[in-house]
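Beneath this line is the structure, given in structure tokens, with notes to follow.
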Amino acid sequence: MCGIVGYIGNRQAYPILLDGLRRLEYRGYDSAGLVVEKGNTVTRVRVQGKVAELAKKVGAQVLEGFCGIAHTRWATHGVPGEVNAHPHCDEEQDVFVVHNGIVENHELIKRELQQEGCKFASETDTEVIPHLIKKFLTEGASLEVAVGKALKLIKGTYAVLVIAKSDPGKIVAARQSSPLRLGIAEKEFIIASDPSAIVSHTKKIITLADGELAVINKDGYVISELQSDTIIDKKLEEIEWDMSEAEKGEYEHFMLKEIFEQPEAVKNSLRGRLLFDEGMAVLGGLKQVEDKLRKLKRLHLIACGTAYHAALVGEYMLEEYAGLSTEVCVASEFRYRKTILDPETEAVLVLSQSGETADTLAAVKEAKQKGVLTLGIVNAVGSTIAQETDAGVYNHVGPEIGVASTKAFTSQLTVLALLTIFLGRQRDMSLVMGKRIAEELRALPVKLEKVLAQSERIREIAQYYIKTTNFYYIGRKYNFPVALEGALKLKEISYIHAEGGPAGELKHGPLAMIDKNFPIMAIVPQDSVYEKNLSNLAEVKARNGRIIVLATEGDSEITKLAEEVIFIPKTLEMLTPILSVIPLQLFAYYVAVLLSKDVDKPRNLAKSVTVE
Ligand code: AGP
């Protein structure tokens with residue numbers, strides 16, 4: 001939900017921190033701040049607004065120092081503003097802290113500290129941390145011991161970076177449920193919420209696990225367990241993608257780049273995972289649980305937002321083609337439901353692009369609590385959810401920076417199709433069907449290019465609708481979740497109200513809203529429910545509703561029923577969502593751009609929702 005970055009080494013910290021914040025800004029951007037330390041002096045600068053405002057405020061000021069920490073915020077406690085921006089410090093401005101997470105018991109701690117005479121400057125939960133650390137420092141503890149003592153009193157989630165004027169040349173870092181990675185370069189270290197702030201300096205990283213604390217100075221680092229103070233030896237990992245993948249290149253926005261990356265993304269998700277002659281899928285990350293999966297009687301798909309919509313498509317795939325009973329639930333509901341799970345015959349599969357979504361992570365922990373096998377389809381390698389689940393499959397589509405998820409969605413559907421083959425061929429899916437799905441998957445990237453080639457036409461259609469204040473999206477079976485996803489794309493980046501629903505539900509209420517000012521986006525490929533959809537379109541036409549329809553190439557019947565028709569190539573019914581979502585992503589993108597919205601960083605949102 002926020003982005004944090006720290007640097008210590010033999011270069012000036014300020015430019016590195018600023019660049020790091022720019023790469024983390026998609027995680028939260030309502031305020032920003034940094035502090036740079038030079039010997040026993042520290043300089044802190046904070047602003048309301050985006051990182052660009054911070055750079056403007058620093059302006060020509062020379063912020064010297066080889067050590068510093070920085071933060072870009074998505075507010076949880078305390079309105080966005082300079083006074084609530086991180087880094088927070090104690091009254092003597094000795095200890096500075098940047099924090100990603102929530103201190104759930106901050107009120108109690110704040111009251112106790114105030115009774116001891118502490119004065120607070122902000123409304124944030126975070127500010128209790130530097131005050132606690134300062135208290136233990138004053139009692140004679142070293143910075144790392146003081147940080148450890150303070151964090152043991154904290155209930156909640158954190159990734160924290162701490163520096164102190166009284167203990168210069170040192171960053172203390174710790175994590176509990178919020179991501180933190182340490183980049184190891186030549187005599188310098190960059191520690192950040194995610195690898196995008198590190199990869200331009202080094203690909204060698206260490207992922208801190210929950211309950212671990214790191215003490216870093218320019219000559220090295222020591223990582224220990226917070227509770228036991230035991231020093232631990234962590235394995236070095238390699239970031240698998242290049243800096244260029246976290247750059248916009250010639251695209252105006254990350255979202256547009258990621259929409260156009262989808263043919264490549266689907267290829268990457270399929271790479272090395274299809275045995276065409278055997279009609280099989282090879283998912284190495286599931287090898288060690290293969291036998292358990294064979295005995296599965298029911299699979300629970302759990303996710304949030306776009307990933308939840310992918311799970312809804314997966315439900316149709318797995319039931320129809322793998323013959324496996326499947327249930328889908330949003331993670332924020334699953335974690336509080338009294339879910340009846342049989343560890344012998346049921347499993348939980350979570351989907352998460354970031355691998356850090358708090359609700360989804362909580363669902364994994366809840367399932368593990370019940371002794372149930374947990375699987376993950378995750379894009380961010382080494383992320384918390386990837387580590388927490390028993391087994392899983394990576395998407396391998398590189399970083400997704402735009403807050404509105406696009407390539408992750410089509411990749412999740414691709415991996416779900418691979419999983420359908422994998423589980424189906426353990427059950428009664430025939431060699432012929434396995435081969436058929438495999439061949440259709442292999443043909444998808446070319447078909448995706450054909451849909452993307454219509455982008456200019458979709459932009460023209462979008463121009464007509466930028467004044468629209470409401471939109472209703474409809475689809476059936478595999479494309480009902482695509483209707484939900486298309487509506488989410490439009491509302492989250494253009495702020496136009498959009499709702500998705502099953503086409504069959506139109507006459508049970510939503511039809512009352514429809515008139516010439518309340519348009520319909522209808523996903524109507526030539527599939528098993530085509531005829532049913534046609535009658536829905538007729539219902540809308542009879543009420544002067546204006547329709548944009550997504551149809552299968554060559555369908556001349558449907559053109560009579562819609563104002564605009566966007567054609568998608570024919571494919572297996574279970575794979576149509578991978579094609580039908582593309583025009584909806586582009587439509588939302590162009591409407592938002594035409595409305596001059598901040599497409600990559602829409603208001604009130606963040607890329608990775610790492611708090612409840
Ligand atoms: C989708 O466009 C949104 N950005 C959001 O709904 C997102 O899909 C959701 O927060 C889940 O994120 P995850 O896949 O990283 O868990």
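Basis for what follows: all heavy atoms, side chains included, without hydrogens, waters or symmetry-related copies. One-based numbering along the sequence shown. This one's a predicted model, so the numbers in the text were calculated from it and none came from an experiment. For ligands, and for the atoms within them, numbers begin at 1 and follow the listed sequence.
Here the heavy atom of the protein found nearest to atom 8 (O) of ligand 1 is Thr306 N, 3.1 Å. Protein heavy atom in closest approach to atom 4 (N) of ligand 1: Val403 O, 2.6 Å. In terms of protein heavy atoms, atom 3 (C) of ligand 1 is closest to Glu492 OE1, 3.5 Å. For atom 6 (O) of ligand 1, the closest non-hydrogen atom of the protein is Gly305 CA, 3.2 Å. In this structure, atom 10 (O) of ligand 1 lies nearest to the protein heavy atom Val609 CG2, 3.9 Å. For atom 14 (O) of ligand 1, the nearest protein heavy atom (residue, atom name, distance) is Gln353 N, 2.7 Å.
Heavy-atom contacts from other residues, nucleotides or ligands closer than 6.0 Å to CD of Glu240 number more than 12.
Distances between N or O atoms of Ser352 and those of ligand 1 include at least one value under 3.5 Å. For a threshold of 3.5 Å applied to N or O pairs, the pair formed by Thr357 and ligand 1 contains at least one separation below that value.
Here Glu356 has no heavy atoms under 4.0 Å from ligand 1, in either its backbone or its side chain. With a 4.0 Å heavy-atom cut-off, ligand 1 is reached by no atom of Lys607.
Here Phe471 and Tyr465 bring their ring centres to under 6.0 angstrom of each other.
Heavy-atom separations between Cys304 and ligand 1 include at least one value shorter than 4.0 Å.
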